[in-house]
Amino acid sequence: MSEQTVRSRPWLTTIFSSRTELWQPPPIPFEADIAIKDGKIIALLEDAPVSSADEVIDATNRLVLPGGIEGHCHIAEPFFGGAKLADDFRSGSIAAACGGTTTIIPFAQQIPGMTLRQALDDYHAKATGEAVIDYGFHMILSNPDKQMLGQELPALIADGYTSFKVYMTYDGLRMEDNQILDVLAAARAHGAFIMVHCENDHCISWLAEQLERKGDVGPEKMGVAHGPVAEREATHRAISLSEVVDTPIFIVHVSSHQAMEQIAWARNRGLPIHAETCPQYLFLSTDDFSRPGWEGTKYICSPPPRDPGNADHLWRGIQNGIFQLVSSDHCPYRMEGPGGRIESAGELHFHKISPGLPGIETRLPLMFSEGVMKGRISLQEFVAVTATNAAKLYGLHPRKGTIAVGSDADLVLWDTEREVDITHDMLHDNGDYTPYEGRHCTGWPVLTMSRGTVVWRDGEVLGQPGRGEFLHRELSSAVKSYAG
Ligand code: URP
Ligand code: ZN
Ligand code: ZN
């Protein structure tokens, strides 16, 4: 039994999860002491009796915010293209914690021949004894059949795996429209929340073939083969499939304003379409591909960063509630060495480079600095798109994503005046670069607490591997009124 108090200015974050749902007034920031017992917040007090606490954390001149919830990251997935993912649950969760995140929900990928349950058992084995913060799993679905959709899926939902991703591209993962309809119908029947990777596979492979014939395969061609039209079309199609079945979906890693406009169109029609964008689409652009040699390949992800003017549109999408989340899509590789991107690609060819960027530790500082400190979004919107909305959409609210009595004491102290130039040396993932090298941030998370335990403080990792717990998640707030 331990009692703690955090003296500070907490930010209560019961906030709207999207503007088509019940709107709640933004919370007012106030100064208070946060009393914590057994990992839970037990009181918010004007003046706590600190002498009775075992530990008092002084948060004077700090902002105390809910820990970030990372709803899109790839950790210890067996493969993505030829390169090996750099992070395991230890390094990935430590990097997350050091960047102010207290919950991660990576993907569990089903290897052909495995049942969904076997794939999850595999991921549990990888996470147990390793994770320093709490975690859940989204399951990636491929090859859906009657047994999977009729029996495995409902059993998994009952066990707390309530969100599933489907792909419209990538050999081995891609589903045809009729398969997606089957998945959506099962999701509607059982209460699953379906996340969709929207890119038109045929457009991509056709365009890639044209480029290959000309030998025009530099990193900048990623933005041509995976152009905005391929993303826009697939986004509209996913919306239409969701409309046919009348069930909500979540569109992952939206990169282009063209795709965003489809989502805005759907939401204006009252359709239950939810979406996220990612820092790489706000802070990187096609210009980064033209860096010399292999440098340009560091920015390859799918969908790729877009033209420099695109990011302004996406910021408007965050401001207008078209995006409910900003997630990292952390998908870290090493460039150098065995299993690295260079060796596995063999040649400088945009489609031979495993797609994905690291970003689990830089997501919150970048969004805080470029969003809140530069006045693009309010502090409330920052908390909503990085924590509270994820808790709601992924069935963790109010246990996570808010500072409220009864919630887990997942708190982050922010030094809003700290000036930091990001370098890979200071980060904790197991990759060997950051796409944000040299970028300046104002504001940085200086203490991260997970269920009352300080796991990161003033540059020191304090969380013990294995202390992170698996989270049985409830149904998404998005599907509750649709399921059944
Ligand atoms: O390029 C990306 N985004 N890699 C990760 C896989 C995915 O589709 O999210
Ligand atoms: Zn994806
Ligand atoms: Zn991803």
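Counting starts at 1 for both ligands and their atoms, in listed order.
- Ranking protein heavy atoms by distance to atom 3 (N) of ligand 1, first place goes to Asp329 OD2, 2.7 Å.
- At least one N, O or S atom of Lys165, from either the backbone or the side chain, sits less than 2.8 Å from the Zn ion (ligand 2).
- Note: Phe368 and Phe382 meet the aromatic proximity criterion, with ring centroids under 6.0 Å apart.
- Side-chain contact check for Trp315 versus Leu282: some heavy-atom pair is nearer than 4.5 Å.
- Interface of Lys165 with ligand 1, defined as ligand atoms under 4.0 Å from a residue heavy atom, comprises 7 (C), 8 (O), 9 (O).
- Under the side chain to side chain donor-acceptor pair (under 3.5 Å) rule, His351 has a single partner from His226, Lys221, Glu209, which is His226.
- Between Val245 and Tyr482, every side-chain heavy-atom pair lies at or beyond the 4.5 Å cut-off.
- Around the Zn ion (ligand 3), the angle linking His74 (NE2) with His72 (NE2) is 110°, rounded to 10 degrees.
- Residue-ligand proximity, His197 to ligand 1, at heavy-atom distances under 4.0 Å covers atoms 8 (O).
- Atoms of ligand 1 found under 4.0 Å from any heavy atom of Cys301 (numbered from 1 in listed order, with element): 1 (O).
- A distance below 6.0 Å separates the ring centres of Phe107 and His74.
- Within His197, the N/O/S atom positioned nearest the Zn ion (ligand 2) carries the name ND1.
- Considering only non-hydrogen protein atoms, atom 1 (O) of ligand 1 sits nearest to Ser302 N, 2.7 Å.
- For ligand 1, the atoms lying closer than 4.0 Å to a non-hydrogen atom of His72 are 9 (O).
- Residue contacts with ligand 1, taken as heavy atom pairs separated by less than 4.0 Å, involve Pro355 via backbone and side-chain atoms alike.
- Within the 4.0 Å heavy-atom shell around ligand 1 one does not find Phe107.
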